Amino acid sequence: MDSESGRGGGGPVDALVVGIDSGGSGLRVALARAADGTVLGRAAAPGPVRTGPGGISAAHFLESVLPAVAALRAGAGGDRPVLAAAVGAAGMATLGEELRAVLPGAFADAWKVRGTVLAADAVTAYAGALGARPGAVVAGGTGLIALGTDLRGWRRADGWGHLLGDCGSGAWIGRAGLEAALRAHDGRRGGSPALLARAEKLHGPAAGLPAALYPRTDRPAVLAAFAPEVAAGAADDPVAAGILERAAEHIADAAAAACPPDPTAVVALTGGLFRLGDPLLVPLRAALAERLPGVPAVAPAGDPLDGAVALATGLAAGAPGLPEDPALLRIL
């Protein structure tokens, strides 16, 4: 790696890279060999990194990362140099200004790295799932975003949060299920007595649901917690099945919008949403085949932490392999 630009290849044969995945459920760190990306150790910190008026807190981020990397380096031989680091963080595009200002210098001081990749978590999800190949990845969990690239630029669809988008996500499915439960409670059309029973078992009497939900600061997660109930009831409840069919259509729409018009493109699904299984995946496979005819659906090769390691390994060799973008992926 060129010490002036931070992008040149080369380095000691025992050199290391650091990959970091920071999301809503916590922060994960991996230490890997720079030569081939083989992971030597992993560590995790509970709880998400704090967000304040200035965006994601760099100080809180470093409080978790630096001790974790120090412990991993000690286990791998503490004097082995770290050539590059890559961070994938939820909110990096809109709340990551402090991270972009602070982390490269902090990593250089702590580990003497010569280059740092700072990316949105959707980018590391893409890198983990597909690596440096054209296509689209749908990252689904509580929220949902689709990201695609032809390796020259990026195409994004959704990821607008549970109030304005994230259509087909866990929060979307859970909200639709709870709405169907309340319709049944009221005697309105489109209600599901089965989902009403599941909602009351989970949350108590239906009439108390607004008071229990609206004051919560973690409303998207609370809504998403009901998505497995919708999936569990889909085999016997046409209302629940219909919710999942509509979710599948939304997810396929996002994938089609993000997928580049490249004959070699593929599509992958990654994230906890797809652990809902066949009640969602069967209609989703059909919707993807309709929206993206001829585009193969492939299993993701890895997760966002694997993607962060891959970006760091690529940077240590000269370039991360995926296109830079002011909001989605920066090399500093």
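Keep in mind that this is a model prediction, so the values were computed, not measured.
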Open item on the list: Arg246 vs Glu249, test: salt bridge (Lys or Arg N to Asp or Glu O under 4.0 Å). Steps then yes/no.
Closed with: CA-CA 5 Å; Arg246 293 196 301 277; Glu249 292 169 0; over 6 Å; no
Open item on the list: Could you go through Asp306 and Arg42, starting from their C-alpha distance and side-chain angles, then the distance that decides it, and tell me whether this counts as salt bridge (Lys or Arg N to Asp or Glu O under 4.0 Å)?
Closed with: CA-CA 11 Å; Asp306 297 317; Arg42 292 180 172 88; 3.7 Å; yes
- [ ] Report the C-alpha separation of Asp303 and Arg28 in whole Å, then their side-chain angles, then the decisive distance to 0.1 Å, and conclude whether the side chain to side chain contact (heavy atoms under 4.5 Å, CB included) test is met.
- [x] CA-CA 11 Å; Asp303 66 12; Arg28 299 182 300 153; 3.2 Å; yes
TODO: Would you sort out whether Leu276 and Val230 count as a side chain to side chain contact (heavy atoms under 4.5 Å, CB included), showing the intermediate values?
DONE: CA-CA 9 Å; Leu276 293 179; Val230 178; over 6 Å; no
Open item on the list: Checking Leu269 against Leu284 for the side chain to side chain contact (heavy atoms under 4.5 Å, CB included) test, could you report, in this order, the C-alpha distance in whole Å, the side-chain angles of both residues, the deciding distance, and whether it holds?
Closed with: CA-CA 10 Å; Leu269 309 172; Leu284 179 53; 3.5 Å; yes
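At least one donor-acceptor pair under 3.5 Å links the side chain of Arg100 to the backbone N or O of Met92. Remark: side-chain polar atoms of Ser169 are paired, donor with acceptor, to backbone N or O of Thr142 under 3.5 angstrom. A donor-acceptor pair under 3.5 Å links the side-chain atoms of Asp158 to the main chain of Cys167, judged by distance alone. The closest donor-acceptor contact from the side chain of His162 to the backbone of Pro220 lies at 3.5 Å or more, if one exists at all. In this structure a side-chain-to-backbone donor-acceptor pair under 3.5 Å is present from Arg80 to Asp14. Panel note: side chain Tyr126, backbone Ala139; no donor-acceptor pair is recorded below 3.5 Å. Of the possible donor and acceptor atoms, one in the side chain of Arg330 sits under 3.5 Å from a partner among the backbone N and O of Pro326. Judged by distance alone, the side chain of Asp150 and the main-chain N or O of Gly153 form a donor-acceptor pair under 3.5 Å. Of the possible donor and acceptor atoms, one in the side chain of Trp154 sits under 3.5 Å from a partner among the backbone N and O of Pro323. Listed for the Arg219 side chain is a donor-acceptor partner under 3.5 Å among the backbone atoms of Tyr214.
Within the model, atoms CG of Leu16 and CH2 of Trp111 stand 11.0 Å from one another, a figure rounded to the nearest 0.5 Å. Distance CH2/Trp172 to CG/Leu144: 11.0 Å, rounded to 0.5 Å. In this structure, the separation between CD on Glu98 and CD1 on Ile56 is 9.0 Å, given to the nearest 0.5 Å. Note: Leu118 CG to Thr124 OG1 = 11.5 Å, rounded to the nearest 0.5 Å. For the atom pair CD1 of Ile243 and CG of Leu195, the computed distance is 5.5 Å after rounding to the nearest 0.5 Å. To the nearest 0.5 Å, atoms CG (Leu151) and OG1 (Thr264) are separated by 7.5 Å.
Using a 4.5 Å cut-off on side-chain heavy atoms (C-beta onward), Val102 and Phe61 make no contact. Inter-residue side-chain proximity for Val82 and Val69 is flagged as unmet; no heavy-atom pair is nearer than 4.5 Å. Counting heavy atoms from C-beta on, the side chains of Asp121 and Pro304 never come closer than 4.5 Å. Looking at heavy atoms from C-beta onward, Arg285 lies in side-chain contact with Asp278 at the 4.5 angstrom threshold. Arg73 is not listed as a side-chain neighbour of Val18, based on a closest heavy-atom distance of 4.5 Å or more. Within the 4.5 Å cutoff, the side chain of Arg33 has heavy atoms near those of the Leu40 side chain. By the 4.5 Å heavy-atom criterion applied to side chains, Leu223 and Leu213 are counted as neighbours. Val138 places none of its side-chain heavy atoms less than 4.5 Å from the side chain of Leu273.
Neither Leu27 nor Val39 shares a network with the other; the hydrophobic side chains, linked directly or stepwise wherever heavy atoms of I, L, V, M, F, W or Y lie under 4.5 Å apart, form separate groups for each. Under a hydrophobic-cluster definition in which Ile, Leu, Val, Met, Phe, Trp and Tyr are linked whenever side-chain heavy atoms come within less than 4.5 Å, directly or via other members, Val123 and Val309 are assigned to different clusters. The hydrophobic cluster containing Leu66 also contains Val87, counting ILVMFWY residues as joined when their side-chain heavy atoms lie under 4.5 angstrom apart, directly or transitively. In the hydrophobic clustering of this structure, Leu31 groups with Leu62; members are Ile, Leu, Val, Met, Phe, Trp, Tyr whose side-chain heavy atoms approach within less than 4.5 Å, directly or through other members. Linking ILVMFWY residues whenever their side-chain heavy atoms come closer than 4.5 Å, directly or via other members, leaves Ile145 and Leu292 in distinct clusters.
In the displayed structure, Arg188 atom CZ is contacted under 6.0 Å by more than 12 heavy atoms of other residues, nucleotides or ligands.
The two atoms that bring Cys259 and Ala265 nearest to each other are SG-CB, 3.9 Å, heavy atoms only. In this structure, Ala206 and Leu196 approach most closely via the heavy-atom pair CB-CD1, 3.8 Å. Nearest approach of Ala316 to Val17, heavy atoms of both residues: CB-CG1, 3.8 Å. Considering every non-hydrogen atom in both Gly19 and Leu305, the closest pair reads O-CD1, 3.6 Å. Ala241 and Ala234 make their closest contact through CB-O, 3.7 Å (heavy atoms, listed as atom of the first residue, atom of the second, distance). Considering all non-hydrogen atoms of both residues, Ala225 and Leu202 come closest at O-CD2, 4.4 Å.
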